[in-house]
Protein chains: 2
Amino acid sequence: METKKIPDIVVARLPRYLQVLQHMKQEKLVTTNSKVLGDRLGISAAQIRKDLSQFGEFGKQGTGYSVDFLINTLRVILNVTDAWKIVVVGAGDLGHALAHYQGFTNRGFQVSMVFDNDPRLIGKQIGAFTVQDTADLIDKVRAAEIHVAMLTVPASAAQKVAEELVKAGVTAILSYAPIVLNLPHNIQVQYIDPILQLQHMTYYLE
Amino acid sequence: METKKIPDIVVARLPRYLQVLQHMKQEKLVTTNSKVLGDRLGISAAQIRKDLSQFGEFGKQGTGYSVDFLINTLRVILNVTDAWKIVVVGAGDLGHALAHYQGFTNRGFQVSMVFDNDPRLIGKQIGAFTVQDTADLIDKVRAAEIHVAMLTVPASAAQKVAEELVKAGVTAILSYAPIVLNLPHNIQVQYIDPILQLQHMTYYLE
DNA sequence: CAAGATTTGTGAATATTATAGCAATAAATT
DNA sequence: AATTTATTGCTATAATATTCACAAATCTTG
Ligand SMILES: NC(=O)c1ccc[n+]([C@@H]2O[C@H](COP(=O)([O-])OP(=O)(O)OC[C@H]3O[C@@H](n4cnc5c(N)ncnc54)[C@H](O)[C@@H]3O)[C@@H](O)[C@H]2O)c1
Ligand SMILES: NC(=O)c1ccc[n+]([C@@H]2O[C@H](COP(=O)([O-])OP(=O)(O)OC[C@H]3O[C@@H](n4cnc5c(N)ncnc54)[C@H](O)[C@@H]3O)[C@@H](O)[C@H]2O)c1
């Protein structure tokens with residue numbers, strides 16, 4: 001349990017800090033500071049210091065932050081020190097892309113199972129995974145103790161599948177279906193809908 | 001030009017309102033109100049009224065909002081009355097998924113061109129599109145007067161390709177590469193990185 | 001058609017979030 | 001070892017965002 005309540009908007013920025021820090025590590029940078037981090041992210045230095053200070057004191061006056069130490073600290077805070085197993089439901093185009101994607105492993109995740117309900121897909125190989133029948137989803141996901149899901153089924157199936165995932169013990173769902181899911185309050189839900197972001201941008205275009 | 005400056009956070013919510021309204025229209029709902037909209041979105045009714053009031057008076061006391069009228073109004077505000085042409089750069093797994101996706105058309109967009117620099121892909125057919133050589137990107141995108149792009153190349157190529165898109169006259173880029181792009185201030189940029197959202201959720205998991 | 005029920009749009013009141021600024025500390029320089 | 005420079009963490013302040021609450025307008029119902 002955290003000592004004070006951390007604003008969600010602060011939590012949402014931490015993964016971005018971690019992303020940039022991991023790039024810095026690849027560039028062999030050993031230390032950094034709030035100014036440099038902020039410039040890379042388009043965020044003020046004060047904001048970054050304030051955000052981090054919610055969790056402890058990780059920097060050194062005059063020097064800044066150790067890249068390695070801050071990466072490790074953020075991984076602990078964000079709970080991604082080990083790799084979370086992920087179940088992908090919907091083995092269509094997006095499910096395919098996710099199953100192939102190599103970028104999960106060093107950021108705290110690994111795809112572990114892929115499901116679909118189309119008989120033509122069940123049993124087929126996608127990358128390292130054999131597509132499994134959603135009829136078995138609840139049992140298999142529960143048995144594997146998977147708590148994170150990515151949902152890439154059509155909007156019309158998303159609510160029903162999401163409810164099954166919850167029954168299977170999943171507590172965090174990242175949905176690509178362009179529809180708002182109705183789930184218990186203790187379930188974490190996030191959405192990816194590129195069109196929302198495109199429309200946000202077109203507002204500012206001529 | 002808007003009379004007053006609208007907060008960006010308000011603009012970001014409008015596409016969500018539009019999304020839910022379009023679902024309501026599919027459900028044959030003729031009118032709605034701020035309470036119902038808010039419940040579907042997990043937003044307070046007051047917030048929705050306040051947001052909309054920034055742009056005018058679109059409701060009727062006692063009745064609420066006409067679904068059709070509000071959809072049209074939001075489409076005008078968000079500048080998606082016609083379909084924006086989109087160029088997809090990177091014809092890999094994600095580019096493939098985007099080129100196949102049928103959900104753009106009735107939400108204000110249409111994929112128009114797909115580019116890649118891999119000789120094995122150039123000339124290949126992906127859905128309705130022939131993959132074109134990025135060597136020709138600047139000329140062809142400029143000639144077609146395309147101003148919106150989706151970037152699905154590896155992170156290592158993203159900055160360079162983004163700069164070419166800007167040279168081609170693109171002013172809005174939705175990037176799937178997990179890297180912060182450095183572009184002129186007049187260019188709209190948004191990112192999709194599922195891992196940022198997964199890490200946001202794992203913060204709250206046990 | 002009057003009385004009661006709804007629901008908007010908005011000014012005022014709260015609540016939340018971001019920025020500014022500085023004492024404290026660490027390192028670099030002379 | 002004293003001085004200068006850099007940078008944190010945090011408090012105070014400023015700026016933004018959300019919610020409240022109500023007059024005004026419209027619908028519903030008997
Ligand atoms: N492809 C894109 O670029 C894109 C863009 C924006 C949004 N989306 C959304 O993402 C989701 C997936 O898109 P896609 O392009 O991969 O679609 P797709 O049609 O290629 O794949 C969907 C898969 O889900 C499977 N499916 C359907 N019902 C199911 C069920 N009840 N249980 C298990 N599997 C089921 C289908 O058999 C299919 O394989 C959709 O909701 C779509 O609207 C996709
Ligand atoms: N696949 C996923 O689910 C997923 C998830 C998260 C992030 N991403 C990110 O999205 C991007 C695309 O992912 P993907 O899985 O489609 O990758 P991919 O490797 O399947 O496709 C990338 C494509 O870009 C092309 N390309 C490379 N350099 C290019 C250049 N200079 N000009 C034009 N084309 C070029 C390649 O030939 C390839 O066809 C990557 O940045 C990846 O990190 C993907």
Side-chain angles (χ1 to χ4, degrees), chain A residues 2-17 20-21 24 29-74 76-77 200 203-204, chain B residues 2-18 20-21 24 29-74 77 200 203-204:
Chain A
E2 265 69 43
T3 36
K4 348 149 206 192
K5 176 66 169 55
I6 310 291
D8 185 65
I9 197 160
V10 172
V11 177
R13 280 191 291 263
L14 301 182
R16 301 182 55 203
Y17 300 168
V20 167
L21 284 160
M24 288 178 166
L29 293 174
V30 174
T31 60
T32 187
N33 60 58
S34 59
K35 174 73 167 48
V36 170
L37 273 168
D39 286 350
R40 288 228 196 177
L41 286 157
I43 286 178
S44 78
Q47 175 97 83
I48 287 174
R49 292 202 302 277
K50 189 59 169 287
D51 284 353
L52 294 176
S53 76
Q54 305 259 18
F55 300 94
E57 306 192 358
F58 310 123
K60 233 186 211 171
Q61 280 116 324
T63 315
Y65 301 92
S66 150
V67 171
D68 258 335
F69 180 73
L70 198 49
I71 285 174
N72 290 337
T73 302
L74 284 171
V76 169
I77 292 169
H200 185 168
Y203 173 86
Y204 295 103
Chain B
E2 264 69 40
T3 37
K4 350 148 204 192
K5 176 68 170 52
I6 309 291
D8 185 66
I9 196 162
V10 172
V11 176
R13 280 190 292 262
L14 302 182
R16 300 183 56 204
Y17 300 169
L18 180 54
V20 167
L21 284 160
M24 287 177 167
L29 294 174
V30 174
T31 59
T32 187
N33 60 58
S34 58
K35 173 73 166 49
V36 170
L37 273 169
D39 285 350
R40 289 229 196 177
L41 286 158
I43 287 178
S44 79
Q47 175 97 84
I48 287 172
R49 293 202 302 278
K50 194 55 165 276
D51 284 353
L52 294 176
S53 76
Q54 305 259 16
F55 300 95
E57 305 194 358
F58 310 122
K60 236 187 210 171
Q61 280 118 324
T63 313
Y65 301 92
S66 150
V67 171
D68 258 335
F69 181 74
L70 198 49
I71 286 174
N72 290 337
T73 301
L74 285 171
I77 292 169
H200 185 168
Y203 174 86
Y204 295 104

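Numbers restart at 1 for each chain; the letters A, B, ... are given by sequence-line order, proteins then strands. When reading the values below, keep in mind they use all heavy atoms of this one structure, side chains included, and skip hydrogens, waters and symmetry mates.
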*Hey, which sits more toward the 5' end of DNA chain C by its nearest nucleotide, A/G62 or B/G56?*
B/G56

*Side chains of B/L52 and B/E57: closer than 4.5 Å at any heavy-atom pair?*
no

*If we only count heavy atoms from C-beta on, is the A/I48 to A/Y17 side-chain gap below 4.5 Å?*
yes

Separation of atom [atom1] in [X] from atom [atom2] in [N], rounded to whole Å:
X     : N      : atom1 : atom2 : answer
A/D8  : D/dT18 : CG    : C1'   : 16 Å
B/Q54 : C/dT8  : CD    : C1'   : 15 Å
B/F58 : C/dT10 : CZ    : C1'   : 15 Å
B/Q61 : D/dC27 : CD    : P     : 10 Å
A/L37 : D/dT8  : CG    : C1'   : 13 Å
A/D51 : C/dT17 : CG    : C1'   : 10 Å
A/R49 : C/dA18 : CZ    : P     : 15 Å
A/I48 : D/dT7  : CD1   : C1'   : 13 Å

*Measure the spacing between CG of A/D39 and OG of A/S34 and express it to the nearest 0.5 Å.*
9.5 Å

*Report the distance from atom CG of B/L21 to atom OG1 of B/T73, rounding to the nearest 0.5 Å.*
10.0 Å

*Among the candidates D/dT7, C/dA27, D/dT18, find the nucleotide nearest to the side-chain atoms of A/T63.*
C/dA27

*asked:* Quick check for you: among C/dT17, D/dT7, D/dG9, whose closest atom lies nearest to any side-chain atom of A/I9?
replied: C/dT17

*Has the side chain of B/K60 got a donor or acceptor that lies under 3.5 Å from a partner of the other kind on the base of C/dT7?*
no

*asked:* Is it the case that the base of D/dT19 and the side chain of B/K50 share a donor-acceptor contact (distance under 3.5 Å, atom types as modelled)?
replied: yes

Report yes if at least one side-chain N or O of [X] is closer than 4.0 Å to OP1 or OP2 of [N]; otherwise report no.
X     : N      : value
A/R13 : C/dA18 : yes
B/S34 : C/dT8  : yes
A/Y65 : D/dG9  : yes

*asked:* Here's a test for you: under side-chain contact (heavy atoms from CB on, under 4.5 Å), which of A/Q47, A/M24, A/R49 qualifies with A/L37?
replied: A/M24

